[in-house]
Amino acid sequence: MSEHPQTDAATTAPESTEATYDASAMEAKWRGVWDRLELFVADDESPREKKYALTMFPYPSGDLHMGHAEVMALHDVIARYWWLRGYEVLNPMGWDSFGLPAENAAIRNDEHPATYTYANIETQYESFRRYGVSFDWTRRFNTSDPEYYKWTQWLFTQLYAKGLAYRKNSPVNWCPVDQTVLANEQVVDGACERCGAEVTKRELTQWYFRTTAYAQEFLDGLDDLAPTWPSKVINAQRNWIGRSEGAHVSFDIAGHEPVKVFTTRPDTLWGATFMVVAADAKLAADLVSDEQRQALEDYLVEVRKASDIDRLATDRPKSGVDLGITATNPVTGEQIPVWASDYVLADYGTGAIMAVPAHDQRDLDFAKVFGLPVRRVVDTGEENPEETYVATTGNGVYVNSGPLDGLADKSEGIRRAIELLEADERGTGTVNFRLRDWLLSRQRYWGAPIPIVHCAVDGEVAVPVEQLPVLLPELKGADLKPKGTSPLGGATDWVSTTCPTCGGPAQRDTDTMDTFVDSSWYFLRYVSPHDATRAFDSELADAWGPIDLYVGGDEHAVLHLLYARFFTKALRDLGLITWDEPFTSYLSQGKVLNQGRKMSKSLGNGVNLGDQLAEFGVDAVRLTLVFASPPEDNIDWADVSPAGSLRFLQRAWRLSGDVTSEPGVDVTTGDLALRKVTARVITDASTLVESHRFNVMVARTMELVNAVRKAIDSGCGGADPAVREATETVAMLLSMVAPYTAEEMWERLGHQPSVARVTWPVVDQALLVEDSVTCVVQVKGKVKGRLEVSPDISDSELEALALADDAVQRALDGQTVRKVIVRAPKLVSIVV
RNA sequence: GCCCCGGUAUCCCAACCGGUAGAGGAAGCGGUCUCAAACACCGUCCAGUGUGGGUUCGAAUCCCACCCGGGGCACCA
């Protein structure tokens with residue numbers, strides 16, 4: 001760094017020769033003081049009302065960056081605000097320290113993943129301390145500590161006992177680069193969310209959490225969260241859960257069990273002219289005729305060659321194979337052919353559909369390719385899909401539909417169709433979800449081992465709590481190289497164990513858990529982080545939880561947030577907590593960009609946090625991030641001005657040197673105009689912080705600083721008690737954003753530390769009342785006159801005054817007044 | 001294709017329930033201070049709210065359609 005703008009004040013500022021604003025000196029000074037005072041250690045026994053503020057804990061890859069700086073700055077406004085408002089605040093921090101980057105680094109450097117992990121944690125810890133966030137560091141832990149993952153494993157066994165964790169064989173997402181399976185949520189546009197590699201499918205036996213058990217509850221919960229969660233996140237979760245209402249319909253097949261399909265349009269059953277089953281489902285192999293068996297197998301080879309990315313292209317031509325059998329349409333009695341295709345998904349619904357080509361474009365495309373019959377059963381008034389090959393999906397009049405004929409309402413048609421199906425037991429109304437169970441096992445090393453033992457006699461046995469944690473075997477370097485099966489399998493001594501039930505020889509499960517499992521319950525561990533006897537103290541969880549405000553990035557909108565909701569509901573059902581939702585309100589912060597783009601090495605537009613902190617100081621960087629925009633908007637570093645922030649902080653700080661009255665002076669004798677500004681700003685600030693409009697809160701603080709400056713220079717002067725009151729208010733408000741500057745101001749104002757723990761002032765309501773307000777007089781909706789009136793003027797008085805006004809009379813120009821709308825004291829609208 | 005969110009000065013952003021479009025900042029311009037500059041301080045310019053309709057005495061705000069940007073879901077039957 002070449003310049004020190006923060007020391008420039010030294011060369012001038014004649015009025016304060018004794019002091020200069022020196023960011024780095026302030027940072028060094030106050031860190032020590034704050035540590036001594038233990039300002040932010042949450043007291044479980046405190047009689048004060050409790051608040052739980054949480055921000056997503058980081059993964060320890062390298063040092064903190066701009067993104068961290070932003071979340072922490074925003075989050076800290078709320079946490080510090082709650083302290084000022086007299087709450088006992090739990091604001092903990094730790095590390096989400098299992099995960100692949102450490103493992104990959106270990107392979108590269110021939111070391112243990114812990115080396116990389118714990119070194120980075122120490123670096124980040126130091127940066128956090130310097131950044132001045134009000135964390136309670138006494139509660140710090142890492143998810144890779146055995147003391148923590150012991151309880152991750154224990155919770156797994158509890159879910160297992162409850163039937164919420166299970167193993168099954170099915171086609172799963174496989175990342176060929178990371179050499180591990182992935183959850184559905186970790187596949188984005190057919191690619192691995194972590195490394196970007198194209199995901200393929202493999203048939204494997206894997207562990208799952210039964211997230212679908214709570215599908216409806218997840219959805220219902222969103223309604224309650226809607227007022228306090230961003231609509232973006234609510235929307236993303238709703239889409240992800242993907243509820244759809246419809247019916248299961250049974251189709252008879254000669255020589256086979258009836259085949260059930262799921263449809264959202266049971267009303268179009270009369271137009272179902274063929275059936276399609278997922279080519280890769282077991283059902284297809286079961287159904288296929290001997291003559292067509294080879295054809296199906298050949299087709300399957302084709303299908304498997306296509307990647308998920310190919311499959312995502314919805315405009316891909318339809319393909320499929322005739323299974324050589326027929327099914328009976330349950331309402332028309334017709335024999336309809338059964339086909340297999342990859343456009344039907346094996347793991348959604350029943351893996352089989354009834355095809356209604358006239359009213360579903362996909363079915364129609366398929367019918368067109370294979371020359372299958374199309375029959376219109378709903379006349380929507382549009383052109384006939386049998387001719388146009390454009391499916392019609394809207395409301396219309398039912399035709400060729402037996403009992404539905406003549407009906408003209410879709411939802412009524414669906415209702416009646418379900419009734420009919422249920423009456424002769426050929427189908428039932430049902431609800432289907434897009435949400436799948438959470439695949440949690442991973443074939444990697446640096447995670448919590450799945451605490452299950454496989455015994456020839458007793459089968460799967462959960463490791464009992466006395467034998468937990470199942471510690472990771474000591475592996476490093478080349479032992480960790482991905483080879484498609486879990487590295488733990490290579491630790492043969494570790495794998496061989498005894499069955500907890502029968503004592504006979506048995507094998508440990510060699511998979512580890514997805515690191516999202518670790519972070520699905522960490523907020524509970526913080527309430528009793530050092531408890532060696534249980535995962536967490538349920539009473540304390542009740543006392544502190546649920547989390548009053550959770551702050552994080554919206555890249556976790558479905559992943560982490562949904563998983564945490566799952567754990568919360570599961571643990572509630574296990575009787576461990578009493579709440580239904582983990583995060584009462586959620587604030588998702590935008591990203592920090594540069595020049596309109598995401599910062600990246602390849603674009604060369606990265607902004608290094610350390611450099612910014614060195615150049616402008618912690619406070620100026622924090623202020624910049626908070627002031628730049630509403631928290632949820634992206635910030636473009638090219639659009640903001642840390643130098644401007646620094647200038648403002650110096651300006652505010654300078655005020656504290658210009659206050660010449662003594663601490664504790666009677667402020668009620670102070671300059672009324674300034675006191676009113678102060679009162680207004682304090683009042684607004686609480687509303688603004690509570691509604692997360694931190695940028696506006698900062699603007700209000702700037703306004704107050706401007707007002708004080710003016711009062712000192714050309715108003716009541718620095719000795720006026722109102723100037724002290726206002727400056728102290730500035731210090732308090734700034735303590736939420738720029739804690740070092742605020743603390744320094746507080747000290748210069750003659751107070752003992754710390755301004756972070758002062759009590760938010762009670763505003764004298766009388767100061768909020770204006771002496772006079774400007775009333776606007778509109779004629780035909782246009783502003784024609786202004787009146788200075790008393791705020792408690794009556795409607796009739798105001799009306800008389802307005803009509804008497806010269807400018808208004810001129811505007812009326814003798815026209816007859818038809819109506820006068822009066823909103824005292826601010827507005828009169830005259831209609832002519 | 002379906003679903004959410006947004007579009008206000010040169011830029012980042014304010015505007016409670018529909019009631020004077022501007023709080024704050026950045027950039028610009030002018031001035032005071034200075035030998036000069038930087039800093040500081042003072043002042044000042046700049047939009048009628050994406051487009052088109054509608055409701056209303058009155059619309060940035062509510063309704064409809066469209067355009068643009070961001071996000072979610074997507075061969076999910």
Side-chain angles (χ1 to χ4, degrees), chain A residues 5 8-15 189 230-242 244 246 261-265 268 276 311-316 318 341-345 347-356 359-363 365-366 393 432-436 554 557-558 590 623-624 627-630 632-636 638-641 643-645 647-648 650-651 654 681 684 687-688 691 693 695-706 709-710 713-714 774-783 785-786 818-821 823 826-832:
Chain A
D8 287 351
T11 56
T12 55
E15 81 282 1
D189 292 335
S231 54
K232 203 185 199 180
V233 177
I234 298 274
N235 182 246
Q237 291 215 2
R238 281 216 177 97
N239 286 339
W240 186 258
I241 296 163
S244 57
V261 303
F262 174 72
T263 176
T264 55
R265 292 297 303 274
T268 61
V276 187
R311 291 193 56 151
L312 284 170
T314 49
D315 53 358
R316 209 162 54 101
K318 293 281 180 287
S341 172
D342 65 352
Y343 88 89
V344 173
L345 307 178
D347 59 350
Y348 180 77
T350 63
I353 61 150
M354 63 179 215
V356 184
H359 306 297
D360 183 291
Q361 192 60 47
R362 297 158 300 188
D363 297 344
D365 292 342
F366 192 82
T393 57
N432 224 316
F433 294 94
R434 210 197 63 93
L435 181 73
R436 313 295 208 272
D554 46 19
V558 283
L623 179 74
T624 303
F627 180 55
S629 70
E632 55 279 0
D633 288 7
N634 290 339
I635 296 172
D636 194 327
D639 290 335
V640 297
S641 169
S645 298
R647 224 178 296 144
F648 164 71
Q650 290 171 331
R651 202 169 134 83
R654 226 179 293 121
V681 170
D684 287 355
T687 317
L688 290 165
S691 55
R693 286 177 291 165
N695 56 326
V696 187
M697 185 273 285
V698 171
R700 284 282 181 287
T701 309
M702 289 173 167
E703 209 178 322
L704 184 57
V705 168
N706 292 344
R709 184 77 262 158
K710 201 165 231 165
D713 291 349
S714 56
T774 307
C775 173
V776 176
V777 186
Q778 298 177 338
V779 177
K780 287 199 283 188
K782 297 262 187 318
V783 179
R786 281 154 215 267
R818 301 209 342 244
K819 197 173 170 191
V820 181
I821 292 132
R823 295 279 180 276
K826 298 198 70 170
L827 180 121
V828 175
S829 184
I830 299 166
V831 190
V832 293

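Letters A, B, ... mirror the listed sequences (proteins, then strands); counts begin at 1. The model shown is predicted, which means the values in this text are computed figures rather than measured ones.
- With B/rA26, B/rA23, B/rC4 as the choices, the nucleotide that has an atom nearest any side-chain atom of A/E703 turns out to be B/rA23.
- Between A/N706 and B/rG25 there is a side-chain N or O to OP1 or OP2 distance below 4.0 Å.
- Distances shorter than 4.0 Å separate some side-chain N or O of A/K710 from OP1 or OP2 on B/rG43.
- Checking B/rG58 for Watson-Crick or G-U wobble geometry (two distances, each under 3.5 Å) identifies no partner in any strand.
- If you check every strand for non-hydrogen atoms under 4.0 Å, A/S829 touches a base.
- Taking the P atom of each, B/rC17 and B/rG6 are spaced 13 Å apart, rounded to whole Å.
- Protein atom CZ of A/R700 is 17 Å distant from nucleotide atom P of B/rC13, rounded to whole Å.
- Under a 4.0 Å N-O distance rule, the pair A/D342/A/R316 qualifies as a salt bridge.
- When each of A/D713 and A/A628 is assigned the nucleotide of RNA chain B with its nearest heavy atom, A/A628 is the one assigned upstream, toward the 5' end.
- Note: CG (A/D360) to C1' (B/rA74) measures 13 Å, nearest angstrom.
- Between B/rC5, B/rA15, B/rU20, one nucleotide has an atom nearer to the side chain of A/V776 than all others, and that is B/rU20.
- Shortest non-hydrogen contact noted between A/T393 and A/H359 is CG2-O, 3.5 Å.
- Taking atom C1' on both nucleotides, B/rC13 is separated from B/rC46 by 15 Å, rounded to a whole Å.
- For A/N239 and B/rA74, the shortest distance from a side-chain N or O to OP1 or OP2 is not below 4.0 Å.
- Closest contact between the side chain of A/N695 and the listed nucleotides B/rG19, B/rC75, B/rC13 involves B/rC13.
- One distance of note links CZ of A/R434 with CG of A/N239; it measures 8.0 Å at 0.5 Å rounding.
- Considering only the side chain of A/N235, B/rC4 comes nearest among B/rG19, B/rU20, B/rC4.
- The side chain of A/P630 lies closest to B/rA14 when the candidates are B/rC42, B/rA15, B/rA14.
- One can place CD of A/Q361 at 15 Å from P of B/rA77, the figure rounded to the nearest angstrom.
- Annotation: B/rU20 and B/rA15 have their P atoms spaced 14 Å apart (nearest Å).
- Taking the syn range as angles within 90° of 0, the glycosidic angle of B/rG31 is outside it, so the base is anti.
- Separating the C1' atom of B/rG1 from that of B/rA60 is a span of 31 Å, rounded to the nearest Å.
- Nucleotide B/rC41: paired with B/rG31 (Watson-Crick or G-U wobble, both distances less than 3.5 Å).
- At the phosphate of B/rC42, neither OP1 nor OP2 sits under 4.0 Å from any side-chain N or O atom of A/S714.
- For A/A699, whose side chain is taken as the heavy atoms from C-beta onward, the closest listed nucleotide among B/rC41, B/rC11, B/rG24 is B/rG24.
- Nucleic acid contact class of A/P230 (heavy atoms, under 4.0 Å, all strands): none.
- Ring orientation note: the planes of A/F262 and A/Y348 are nearly perpendicular, at an angle over 60° on the 30°/60° scale.
- A/T774 comes within 4.0 angstrom of a nucleotide base, judged by non-hydrogen atoms across all strands.
- Proximity of A/Y343 to the phosphate of B/rA77: no side-chain N or O atom is located under 4.0 Å from OP1 or OP2.
- Atom C1' of nucleotide B/rC5 and atom CZ of A/R238 are separated by 14 Å, given to the nearest angstrom.
- For A/D633, counting side-chain heavy atoms from C-beta on, the closest listed nucleotide (B/rA15, B/rC13, B/rU20) is B/rC13.
- When the side-chain nitrogen and oxygen atoms of A/R823 are compared with OP1 and OP2 of B/rC17, none of them lie within a distance under 4.0 Å.
- Among the nucleotides B/rG25, B/rA77, B/rC75, the one closest to any side-chain atom of A/F627 is B/rG25.
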Check against side-chain contact (heavy atoms from CB on, under 4.5 Å), A/N706 and A/K710: CA-CA 6 Å; A/N706 292 344; A/K710 201 165 231 165; over 6 Å; no
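- Partners of A/F648 according to the ring-ring contact (aromatic ring centres under 6.0 Å, His included) rule, which considers only residues two or more places apart in sequence or in another chain, do not exist here.
- Closest contact between the side chain of A/F262 and the listed nucleotides B/rA77, B/rC57, B/rG24 involves B/rA77.
- In this structure, A/L688 and A/A236 both approach RNA chain B, and ranking their closest nucleotides by distance from the 5' end singles out A/L688.
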A/D363 and A/I353: CA distance, side-chain angles, deciding distance, side-chain contact (heavy atoms from CB on, under 4.5 Å) verdict: CA-CA 10 Å; A/D363 297 344; A/I353 61 150; 3.5 Å; yes
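- Figure legend. B/rG6 is base-paired to B/rC68; pairs are counted as Watson-Crick or G-U wobble with both atom distances under 3.5 Å.
- Taking atom P on both nucleotides, B/rU49 is separated from B/rC11 by 15 Å, rounded to a whole Å.
- Rounded to a whole angstrom, the distance from the P atom of B/rC41 to that of B/rC73 is 49 Å.
- OP1 or OP2 of B/rA26 has at least one side-chain nitrogen or oxygen of A/R647 nearer than 4.0 Å.
- Contact between the side-chain N/O atoms of A/R651 and the OP1/OP2 oxygens of B/rC41 is found at a separation under 4.0 Å.
- Looking only at side-chain heavy atoms (C-beta outward), A/M354 and A/T268 come within less than 4.5 Å of each other.
- Both distances falling under 3.5 Å, in either a Watson-Crick or a G-U wobble arrangement, occur for no nucleotide opposite B/rA15.
- The side chain of A/K318 sits closest to B/rC75 out of B/rA26, B/rA23, B/rC75.
- Salt bridge status for A/K232 with A/D554: present, with a side-chain N to carboxylate O gap under 4.0 Å.
- Searching all strands for a Watson-Crick or G-U wobble partner of B/rC73 with both distances below 3.5 Å returns B/rG1.
- Comparing the P positions of B/rA23 and B/rG69 gives an interatomic distance of 33 Å, to the nearest angstrom.
- Across all strands shown, A/Q778 has heavy atoms under 4.0 Å from base atoms, whether or not it also approaches the sugar-phosphate.
- Computed from coordinates, the A/I234 CD1 to B/rC5 P distance equals 12 Å when rounded to whole Å.
- Here, B/rC2 and B/rU8 have their C1' atoms 30 Å apart, quoted to the whole Å.
- Syn is the glycosidic conformation of B/rC17, whose angle stays within 90° of 0.
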